[in-house]
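Here's the structure we're looking at; comments come further down.
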Amino acid sequence: MEVLKFGGTSVGSAERMKSVAELINYPGKKIVVLSAMSGTTDHLVKITQALLKKETTQAIQLISDLEPRYRKTVQELYTSPAYVHKGNELITEHFAFLLSFTQDMFTPNEEKTILAEGELLSTALFQFYLEEQKIASVLLPALNFMRIDKEGEPDLPYIEEHLNKELAKHPHSGLFITQGYICRNPFGQVDNLKRGGSDYTASLVGAAVYAKEIQIWTDIDGMHNNDPRYVQGTYPIAELSFDEAAELAYFGAKILHPACILPAQKRKVPVRLLNTMQPKAKGTLISETAEGHNIKAVAAKDNIIVIKIKSARMLMAYGFLRSVFEVFERYKTPIDMITTSEVAVSLTIDMNDHLDVIIEELERFGTVDVEINQTIICIVGDFLADKHGYALNIFDALKDIPLRMISYGGSTNNISVLIHGNDKKKALLALNEGVFKKLVKS
Ligand code: ADP
Ligand code: ASP
Ligand code: MG
């Protein structure tokens, strides 16, 4: 079994959907995970925001703004009047459903139900197209098997059991289509895997069926060495290890959902990143073993908060760090970076949900300083401990940018620095000039 995920741009128009149908139409069992058509989830978010603010007229307007694009897709996607009719009926149904939320009191629980509409629409439209083209396929409802637990984490044993039950209902089928991103919570309510979550669905599905390979098809030819939204002349990386890819995803490489490598890594399923617009391009292969020892890529994670705790009690004391960590544990707030000196500890978080109480508790230990709008720049590669010079190159490139924290040696594949958010673009460009251009030349 293979798992192939197509992102928003890849299914963003009738033409793109037709290309996807061509790409998947080859022998062999596969599960195809689709995102919503590009821009749809953003639009649905706006609708829920209007509804939460009780701006009903605005919500109705937003819903009707979204509809023409879907009508157009139906007109362009199908050739027979019967399927144009079928497609239009589907859209009428879904838009009537969206409008029904403007009639009654809107509760925050219903927000996720609205956000699920994008993937439900794209998969249904796509599957009708396959039907019309006489390509045999089965639409698997993700809401029957994708589930998160009480902590909001995907429940892999549940997914494995229920997905396999769904697959067993169709022993003679080879092509399955399902929705990315959407799932249920432990109470059975519609939920999701957070923005960009279709990658995570693909990885969870791939892990659940022990797939031969998970392919993430997107609008770029693989993981690039630097963020192409800020830097020109970036290039794709042929191979990455699971650890390297996981770090890049977690630290801001938008091409992958932050957590999506972990399920694939757990079950050793290789992940390939491919470009729908250039299907022949090699892309990036992510697997257990990856070639090449050197600096491979850089990513940046925004909206970081740095907390500095200064305390004389830390001097020659043990147990101090444990007490500090316990505060973050109590508020389920992960720490990304940490540096310590004899009398101070600085750490970073990216969630401000419980910031006030965390600070209040930390103030029991000493003076606490907090700064927001920081960025972590994470440089990833395979840094052999006995080869010198990696750090020198990086810090030399960044010499004009104030570095607030440095993390080096935590693993052999990550060097991270904390800078002010305003310096992000400058840092990414400086690393391109000072590190990657030199690599290409050597
Ligand atoms: P999809 O809709 O297919 O999930 P995304 O927009 O989520 O696509 O991810 C692809 C985008 O990620 C690219 O168009 C690119 O702008 C952005 N991106 C950011 N960092 C990287 C990187 N290091 N390598 C490749 N793409 C990146
Ligand atoms: N449609 C969802 C989003 O835009 C999930 C995804 O595209 O991966 O966030
Ligand atoms: Mg994405």
Does either side chain, that of [X] or that of [Y], offer a donor lying less than 3.5 Å from an acceptor on the other one?
X: Asp227; Y: His224; answer: no
X: Tyr250; Y: Asp336; answer: yes
X: Glu160; Y: Asn164; answer: no
X: Ser80; Y: Glu132; answer: yes
X: Thr375; Y: Asp302; answer: yes
X: Lys424; Y: Tyr230; answer: yes

Do you know which of Ile261, Val271, Thr284 makes side chain to side chain contact (heavy atoms under 4.5 Å, CB included) with Leu240? Thr284
Show your reasoning for whether salt bridge (Lys or Arg N to Asp or Glu O under 4.0 Å) applies to Glu131 and Lys86. CA-CA 11 Å; Glu131 251 179 55; Lys86 228 173 144 171; 2.8 Å; yes
With a 3.5 Å cut-off and sequence neighbours excluded, list the donor-acceptor pairs that the side chains of residues 100-107 form with protein atoms.
residue: Ser100; atom: OG; partner: Phe97; partner atom: O; Å: 2.5
residue: Thr102; atom: OG1; partner: Leu99; partner atom: O; Å: 2.5

Taking every non-hydrogen atom, the tightest pair across Ser10 and Val20: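 For Ser10 versus Val20, the nearest heavy atoms are O-CG2, 3.2 Å.
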Please work out which of the three classes, parallel, tilted or perpendicular, describes the rings of Phe436 and Tyr235, given edges at 30° and 60°.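 Correct class here is perpendicular.
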Where do Asn144 and His162 land on the side-chain contact (heavy atoms from CB on, under 4.5 Å) test, with the steps shown first? CA-CA 7 Å; Asn144 288 1; His162 289 79; over 6 Å; no
